Protein chains: 2
Amino acid sequence: MSKPIQNRTRATRARLIESAQGIIAAKGYGALRVEDVVQTAGVAKGTFFAHFAGKDGLMELMIGAQINAFLDEAETWPAPQTIDDLVSQIVPLIQFMTSERYVFDVILRHSGAAAREEIGPIAQTFTRQVDVVARWLSDSPFRKDISGYLLAEGIQAFSVQAMALHFCAINNSETMEDRLRIYLDAWLNPRLAS
Amino acid sequence: MSKPIQNRTRATRARLIESAQGIIAAKGYGALRVEDVVQTAGVAKGTFFAHFAGKDGLMELMIGAQINAFLDEAETWPAPQTIDDLVSQIVPLIQFMTSERYVFDVILRHSGAAAREEIGPIAQTFTRQVDVVARWLSDSPFRKDISGYLLAEGIQAFSVQAMALHFCAINNSETMEDRLRIYLDAWLNPRLAS
DNA sequence: TTCCAAAATTGACCACGGTCAATTAATTTC
DNA sequence: GAAATTAATTGACCGTGGTCAATTTTGGAA
């Protein structure tokens, strides 16, 4: 599965992924059905499950790839010097993550949670995001009393919070972006010690 | 549904809930099957869905009730004066929330997310927890540069982060409690302004 | 008491993710 | 190149959540 031995295997897997990408592009992540994927790919249902760890496994790959694309770009950006800049640099990613309720659910379900031993694709991107943001922070004018790594973890926690509230009916008076700005200002620029 | 008109309705609903409670007590939340619930309750499957918004709706009620029980007790506790106290007062709740992977998933899925217009039971408990913790903080020696409400929201965000990492294979070197302590110390006791 | 409209209940049926023994294809051995 | 071995694929089948037209029960109007 991780190391296809036959060419046939790689070809089948590629067809399945291509098929899935087509369906997602056309109808969105939440509308993807395994039966549709295998039908478009021209294989039997069982083949799908021989290639991926279920529908969720495929989703991890697809969504994880998308998040990594965002992080690839984020990595090239300069260290943000203001909260506003930081928020602007995070927003594209969290906008993708909240583009569909289903996508956010999948991400949450796998964010800190490798199924078994090895860490899954989405959990990897969360680790990577902390690294990317920590690197930014090493060259940013925010609080220095704790490590950039810890700061980055906090940013992630607040991002998740902002995204979760975004889907809450009662909390739509502020935009996700505004809410995140408030959180991160409080987190990165504390005015006074206790 | 919200206002049972007939006694029969209330009785049926009570039997369904009782049945569900029995199954959960015996086998855990994740092992609950709707078919088992209706069989034990002695009603048809369709009846279940006439009484609850699906399996998830029932779970929201059951888990929400449990969380509320924890908050009932938490409300009677004094304002924590140290991070350790605060963590100790939060830990019982997050221990329940992480008692089963399935429970945590359900909670995440509904934490900030009312299905439609009205806010769901679990989302309500999240709002309530912020209130309870904010009240604690009004009488605690932590940072005062931001509102207790915002502080409480942050505590919630960090709690979720700690819980999520708890289920991650790669992150089990520290306990959930230790991780939370580190987060909350950084959040509530910033040493220096930027 | 009889009849009616609304409410509650039923259970056959569907959707969809997932399984696995059996079959077919590829690779290795001699 | 035939036989044996390993890998990939198949599709009938299952579990489980959810739907809905048909049926039964209920409370009240006449």
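Just so you know, these numbers come straight off a predicted model, no measurement behind them. In what follows, every heavy atom counts, from backbone to side chain, and hydrogens, waters and symmetry copies are set aside. The sequence lines fix the lettering, A, B, ..., with proteins before strands; numbering per chain opens at 1.
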Query raised in the report: Would you call B/D105-B/R101 a salt bridge at under 4.0 Å N-O?
Result: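 Here B/D105 pairs with B/R101 in a salt bridge, since their nearest N and O are under 4.0 Å apart.
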For [X], check side-chain hydrogen bond (donor to acceptor under 3.5 Å, both in side chains) against everything at least two apart and list the hits.
{"X": "B/E35", "result": "B/K45"}
{"X": "B/R15", "result": "none"}
{"X": "A/D72", "result": "A/R128"}
{"X": "A/Q156", "result": "A/Q129"}

Requested in this report: With sequence neighbours excluded, give me every ring-ring contact (aromatic ring centres under 6.0 Å, His included) pair touching residues 15-45 of chain B.
Outcome: none
d([atom1], [X]; [atom2], [N]) in whole Å:
{"X": "A/D56", "N": "C/dG18", "atom1": "CG", "atom2": "C1'", "result": "12 Å"}
{"X": "B/L16", "N": "C/dA8", "atom1": "CG", "atom2": "P", "result": "14 Å"}
{"X": "A/F48", "N": "C/dT19", "atom1": "CZ", "atom2": "P", "result": "11 Å"}
{"X": "A/I23", "N": "C/dC16", "atom1": "CD1", "atom2": "C1'", "result": "14 Å"}
{"X": "A/N7", "N": "C/dA25", "atom1": "CG", "atom2": "P", "result": "17 Å"}

Query raised in the report: Which listed nucleotide (D/dA8, D/dT26, D/dG11) is nearest to the side chain of A/R8?
Result: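 Looking only at side-chain atoms, A/R8 lies closest to D/dA8.
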Requested in this report: Look at B/H51 and C/dA8 and indicate whether a side-chain polar atom (N or O) is within less than 4.0 Å of OP1 or OP2.
Outcome: no
Query raised in the report: Are any of B/T12's side-chain N or O atoms less than 4.0 Å away from OP1 or OP2 of C/dT9?
Result: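 For C/dT9, OP1/OP2 do have a side-chain N/O of B/T12 under 4.0 Å.
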Requested in this report: Treat primed atoms plus P, OP1 and OP2 as sugar-phosphate and everything else as base, then score nucleotides 12-17 of chain D 5' to 3': B for base contact with protein heavy atoms under 4.0 Å, S for sugar-phosphate contact only, - for none.
Outcome: ----SB
